[in-house]
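Accompanying notes for the structure given below.
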Amino acid sequence: MRKFMTTTAMAALMAMAVGGIARAADSVEVLHWWTSGGEAAALDVLKKDLESKNISWTDMPVAGGGGTEAMTVLRARVTAGNAPTAVQMLGFDILDWAKEGALGNLDEIAAKEGWDKVIPTALQQFSKYDGHWIAAPVNVHSTNWVWINKAALDKAGGKEPTSWEELVALLDKFKEQGITPVAHGGQPWQDATIFDAVVLSLGKDFYKQAFIDLDPAALGGDKMKEAFDRMTKLRGYVDDNFSGRDWNLASAMVIEGKAGLQFMGDWAKGEFVKAKKVPGTDFVCMRFPGTQGSVTFNSDQFAMFKVAADKVPAQLQMASAIESPTFQSAFNVVKGSAPARTDVPDTDFDACGKKAIKDLADANASGSLYGSMAHGHANPASVKNAIYDVVTRQFNGELSSEEAVKELAAAVEAAK
Ligand code: BGC
């Protein structure tokens, strides 16, 4: 009798334990900044994919494009000893967390699924630390894009601008039409996103010297003054209410024909797609004039934090789901990005998506693919934030171009 009870009790306990493990293992908590309409639609593809694998999702959204606010919340969570399972993260931030020893290890799943062969080296630079996989790349975005309202462009003669002068002429025509020429939100990361493209438009070598090599001569030279002059010129084409506006509301201005164009990464396309707009019919996507052939990229990756052993299986399943070629296609079609694998067919992508995939491959082959300064793929956060600060103050008229050039070189030097 005693033996029977013990066995029964033990069996019950074991069932509870297994059930308990199953429950804990079957959930992920995900911190991210995908809160706009297009971003949420893309995130839903991931949530549903995991749900179909019986993994439940605890959402931890932190609004704020570019992820600045999300990174602040993350720091607080980790300091409190309560790291989420997976965190949307950009470039150098991933490496910083890895350096702190906060991230888990995806080597086993990466080896089993052959990630090394299909994920481009430009992304692996940020998905691996010390030779170990620490993050699962979801996509590749790029920042040197222009999103134009097609009807407004047609009214202006229909020609896509291919040089700085043609761009300025087009913006003048938008002004004559009585619409806001440039839809923009005055937030440091958005100003910096335009600056990525403006600096690249003055030469890919210049971009590399300034933002990748952090060469003081490039940061503090005449070309940089010209870049700031271009920013001043563009500032003249935004509306009076631009300050603090979220990027997706600026995209909406272009979608609704209230503005002519927006300079923004291809997450903007997610907003056009969500609004059922079609490339070539309702809007035009093109590279920032003067940057054709080059790409400034950023990749959203899910950095996997060290979590309790019972949570690791779901974390690995999430990583595996993200790298599946079918998921890569389904997600990135909605998000506006290109897949993080080189073997995903472009069949389901629209014209802008196909162009994004091709541009990336071409830029990679010709050595014209650079990490985005604005989106954490050129420098660690300390340097990035130092650049943001100068760019924003200059854009808002607090610094002349001459002053900005001096401050930029000094601020970067101090932050290095
Ligand atoms: C991310 C995108 C996101 C955008 C705006 C970028 O840093 O890479 O995924 O859509 O910020 O929030």
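If you're wondering where the values come from, they're calculated on a predicted model, not measured in any experiment. Both ligands and their constituent atoms are indexed starting at 1 by order of listing.
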Identify all side-chain donor-acceptor contacts of residues 58-70 below 3.5 Å with residues at least two apart in sequence or on another chain.
residue : atom : partner : partner atom : Å
Asp59   : OD1  : His32   : NE2          : 2.8
Asp59   : OD1  : Trp57   : NE1          : 2.9

- Task: Could you tell me how the ring of Trp145 sits relative to the ring of Trp147: parallel (under 30°), tilted (30 to 60°) or perpendicular (over 60°)?
- Result: tilted
- Item | NZ or CZ of Arg75 within 45° of Trp97 ring axis and under 6.0 Å | yes
- Query: Does Phe206 have Lys223 sitting over its ring (NZ/CZ under 6.0 Å from centre, angle to axis within 45°)?
  - Reply: yes
- Minimum side-chain heavy-atom gap Phe283-Ile255 below 4.5 Å: no
As a test of reading the model: which N/O atoms of the protein lie under 3.5 Å from N/O atoms of ligand 1, and at what distance?
residue  : atom   : partner : partner atom : Å
ligand 1 : 7 (O)  : His375  : ND1          : 2.8
ligand 1 : 8 (O)  : Asn298  : ND2          : 2.8
ligand 1 : 8 (O)  : Asp300  : OD1          : 2.8
ligand 1 : 8 (O)  : Asp300  : OD2          : 3.2
ligand 1 : 9 (O)  : Trp34   : NE1          : 2.9
ligand 1 : 9 (O)  : Asp300  : OD1          : 3.3
ligand 1 : 9 (O)  : Asp300  : OD2          : 2.6
ligand 1 : 9 (O)  : Lys335  : NZ           : 2.9
ligand 1 : 10 (O) : Glu39   : OE2          : 2.4
ligand 1 : 10 (O) : Lys335  : NZ           : 2.8
ligand 1 : 11 (O) : Trp33   : NE1          : 3.3
ligand 1 : 11 (O) : Gly66   : N            : 3.3
ligand 1 : 12 (O) : Trp33   : NE1          : 3.4
ligand 1 : 12 (O) : Glu39   : OE2          : 2.8

- Message: Looking only at the side chains, is there a donor atom on one of Gln394 and Thr232 sitting less than 3.5 Å from an acceptor on the other?
- Response: yes
